[in-house]
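If you scroll down you'll find the structure; I have some questions about it.
Numbered from 1 within each chain, the chains take letters A, B, ... in sequence-line order.
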There are 2 protein chains.
Amino acid sequence: MRLTARSEYGVLALIDLAGRYGDGPVSARGVAERQHIPGKFLEQLFVSLRQAGLVTAVRGARGGFELSRAPGSITVLDVVEALEGPLQPTLCGGGSGCERGGACAAASVWTRATDALRSVLSTTSLSELAGAQSVFDATAGDPDVSL
Amino acid sequence: MRLTARSEYGVLALIDLAGRYGDGPVSARGVAERQHIPGKFLEQLFVSLRQAGLVTAVRGARGGFELSRAPGSITVLDVVEALEGPLQPTLCGGGSGCERGGACAAASVWTRATDALRSVLSTTSLSELAGAQSVFDATAGDPDVSL
DNA sequence: CGATACCCGACCGAAATGGTAGTGATTGGG
DNA sequence: CCCAATCACTACCATTTCGGTCGGGTATCG
């Protein structure tokens with residue numbers, strides 16, 4: 001139940017990659033500049049994203065990252081969990097933390113909250129977001145992404 | 001978008017108060033013992049809960065806290081926001097943090113996530129939880145709350 | 001070779017988290 | 001009237017997390 005800058009940056013970065021899907025590797029540096037993300041920090045995020053199997057790295061000059069699956073098959077939940085670990089309540093409801101066992105009324109609301117969150121995140125794909133972003137970029141004159 | 005132990009403890013504490021609503025003030029110490037919450041920490045939580053108008057304090061011997069409204073009119077969202085501040089994404093979607101203005105596709109998913117969370121929390125009242133808890137306590141033999 | 005890029009691990013300041021400690025102020029009961 | 005119970009307030013503290021930075025290593029293209 002903890003969403004930090006990692007998720008925010010990560011989603012922006014993968015939207016960027018989704019908008020260039022099929023164009024070959026995209027450098028982390030380019031993503032960082034277009035999305036205004038600290039470069040070295042973004043590198044760390046890409047490590048997690050690669051380990052989670054969401055992106056593929058191409059090393060060497062002219063290298064970079066590309067989505068390892070189609071943008072439509074990657075959800076925001078995938079990204080968030082890759083970057084922040086499993087999305088659990090951090091609270092009693094998730095695991096076996098609380099000594100009340102199942103006899104805890106509070107657990108139900110935390111569980112339902114997590115489920116609601118998970119539902120939203122898992123039904124939004126990168127292709128949707130990239131599509132929406134391209135519309136924004138077309139109406140505004142910002143060439144960052146549309147180039 | 002950050003739920004910590006404060007919320008978990010706070011909800012447990014107010015479920016305790018809800019189960020004794022109308023019986024006069026309940027001491028923080030009693031709540032702490034029944035709900036297994038560090039006493040001094042719980043005191044801090046009650047400060048926030050009182051400032052938010054959710055509980056009323058009665059000072060002096062035989063004092064304690066009581067819900068300042070009926071348990072059915074207090075939602076989990078009320079408790080969470082009293083203890084952790086306004087429930088916002090901590091991310092771009094909430095305020096005016098991101099320099100993209102409205103032209104940011106990522107913002108939409110954060111906003112929808114927050115809305116989903118808020119919806120769950122705001123439709124669950126203390127009376128519901130206290131009711132569920134009393135059922136648990138009746139089937140199990142734990143006299144902590146049923147006494 | 002050398003520039004470009006990913007890879008990896010260490011490090012770091014600031015803030016949040018989850019408490020603890022101590023001291024007052026207020027009140028009911030004996 | 002005094003004492004114990006109880007809330008009120010402030011300060012402090014250890015640990016972890018957050019958000020980043022730094023510096024080098026390694027692969028690859030031209």
Side-chain angles (χ1 to χ4, degrees), chain A residues 1-13 17 20 24-52 54-68 80 83-85 88-92 97-98, chain B residues 1-13 17 20 24-52 54-68 80 83-85 88-92 97-98:
Chain A
M1 196 69 83
R2 160 179 290 122
L3 293 218
T4 69
R6 288 174 68 88
S7 289
E8 183 160 15
Y9 286 152
V11 168
L12 288 175
L17 290 198
R20 296 151 184 274
V26 180
S27 78
R29 187 157 172 270
V31 174
E33 285 172 1
R34 283 188 297 273
Q35 305 299 330
H36 311 103
I37 303 173
K40 290 300 249 178
F41 192 41
L42 180 60
E43 267 191 38
Q44 292 182 21
L45 303 184
F46 270 125
V47 170
S48 300
L49 294 169
R50 176 175 51 80
Q51 289 171 346
L54 298 182
V55 301
T56 304
V58 178
R59 302 182 63 158
R62 287 281 297 168
F65 296 92
E66 29 190 6
L67 297 181
S68 47
V80 169
L83 294 172
E84 320 225 29
Q88 60 196 0
T90 310
L91 298 146
C92 154
C98 93
Chain B
M1 196 67 81
R2 161 178 291 120
L3 294 220
T4 68
R6 288 174 69 88
S7 290
E8 182 160 16
Y9 286 152
V11 167
L12 288 175
L17 290 198
R20 295 150 186 276
V26 179
S27 78
R29 187 157 172 270
V31 174
E33 286 172 359
R34 283 188 297 272
Q35 306 298 330
H36 310 102
I37 303 171
K40 291 301 251 179
F41 192 40
L42 180 59
E43 267 190 37
Q44 293 182 20
L45 303 184
F46 271 124
V47 169
S48 299
L49 293 169
R50 175 175 51 81
Q51 287 171 346
L54 299 182
V55 302
T56 304
V58 179
R59 302 181 62 157
R62 284 283 296 169
F65 296 92
E66 29 190 5
L67 296 181
S68 47
V80 168
L83 293 172
E84 321 224 28
Q88 61 197 1
T90 310
L91 299 146
C92 153
C98 93

Practice prompt. For A:Phe41 and C:dA10, give me the distance from atom CZ to atom P, rounded to whole Å.
Written response: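 Computing the A:Phe41:CZ to C:dA10:P distance gives 18 Å.
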
Practice prompt. Take the protein atom OH of A:Tyr9 and the nucleotide atom P of D:dG19, then report the distance between them rounded to whole Å.
Written response: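 So the two atoms are 8 Å apart, to the nearest Å.
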
Discussion item. What is the separation between atom CD on A:Gln51 and atom P on C:dC6, rounded to the nearest whole Å?
Written reply: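 Nearest whole value for this atom pair: 16 Å.
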
Fill in: Which atom of A:Leu3 lies closest to which atom of A:Glu84, heavy atoms considered
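The answer is CA-OE2, 3.6 Å.
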
Practice prompt. Find which nucleotide of DNA chain C each of A:Val58 and A:Gln44 is nearest to by heavy atoms, and output the residue with the more 5' nucleotide.
Written response: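 Looking at DNA chain C, the more 5' nearest nucleotide goes with A:Val58.
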
Worksheet item: Are OP1 or OP2 of D:dC9 and a side-chain N or O of B:Arg59 less than 4.0 angstrom apart?
Response: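 Looking at the OP1 and OP2 atoms of D:dC9, neither is under 4.0 Å from any side-chain N or O of B:Arg59.
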
Worksheet item: Rounded to whole angstroms, how far apart are CD on A:Glu84 and C1' on D:dT16?
Response: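 Nearest whole value for this atom pair: 15 Å.
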
Worksheet entry | Interatomic distance where CD belongs to B:Glu43 and P belongs to D:dA5 [whole Å] |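 Value for this atom pair: 15 Å.
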
Fill in: Proximal nucleotide (of D:dC18, C:dA10, C:dC7) relative to the A:Thr4 side chain
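Nearest to the side chain of A:Thr4 among the choices is D:dC18.
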
Item to complete: Using only side-chain N and O atoms of B:Arg50, determine if any of them is under 4.0 Å from OP1 or OP2 of D:dA8.
Response: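 Yes, within the criterion.
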
Fill in: Nucleotide D:dG30, atom C1' - distance to CZ of A:Arg62 in whole Å
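Distance, rounded to whole Å: 11 Å.
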
Worksheet item: If you check the A:Ala61 side chain, which of C:dG18, D:dT6, D:dC29 turns out closest?
Response: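 Out of C:dG18, D:dT6, D:dC29, the nucleotide with an atom closest to A:Ala61's side chain is D:dC29.
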
Practice prompt. Check the distance between D:dG19's C1' and B:Arg2's CZ and give it to me in whole angstrom.
Written response: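 These atoms are roughly 12 Å apart.
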
Practice prompt. Search all heavy atoms of A:Ser68 against all heavy atoms of A:Thr56 and return the closest pair with its distance.
Written response: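 For A:Ser68 versus A:Thr56, the nearest heavy atoms are CB-OG1, 3.1 Å.
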
Discussion item. Base, sugar-phosphate or nothing for B:Phe65? Non-hydrogen atoms, less than 4.0 Å.
Written reply: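 Sugar-phosphate: the residue B:Phe65, judged by heavy atoms under 4.0 Å, touches backbone atoms but no base.
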
Worksheet entry | Closest heavy-atom pair and its distance - B:Leu45, B:Leu83 |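 B:Leu45 and B:Leu83 have their closest heavy atoms at O-CD2, 3.7 Å.
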
Worksheet item: Rounded to the nearest Å, what distance is computed from the CD1 atom of residue B:Ile37 to the P atom of nucleotide C:dG19?
Response: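 So the CD1-P distance, B:Ile37 to C:dG19, works out to 10 Å.
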
Worksheet item: Any side-chain heavy-atom pair from A:Phe46 and A:Leu17 closer than 4.5 angstrom?
Response: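 Yes, their side chains come closer than 4.5 Å.
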
Item to complete: Could you pull out the closest heavy-atom pair between A:Leu42 and A:Ala28, with the gap in Å?
Response: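 It is CD2-O, 3.4 Å.
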
Discussion item. Side chain of B:Lys40, heavy atoms from C-beta onward: which of C:dT23, D:dG23, C:dC6 has the nearest atom to it?
Written reply: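 Out of C:dT23, D:dG23, C:dC6, the nucleotide with an atom closest to B:Lys40's side chain is C:dT23.
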
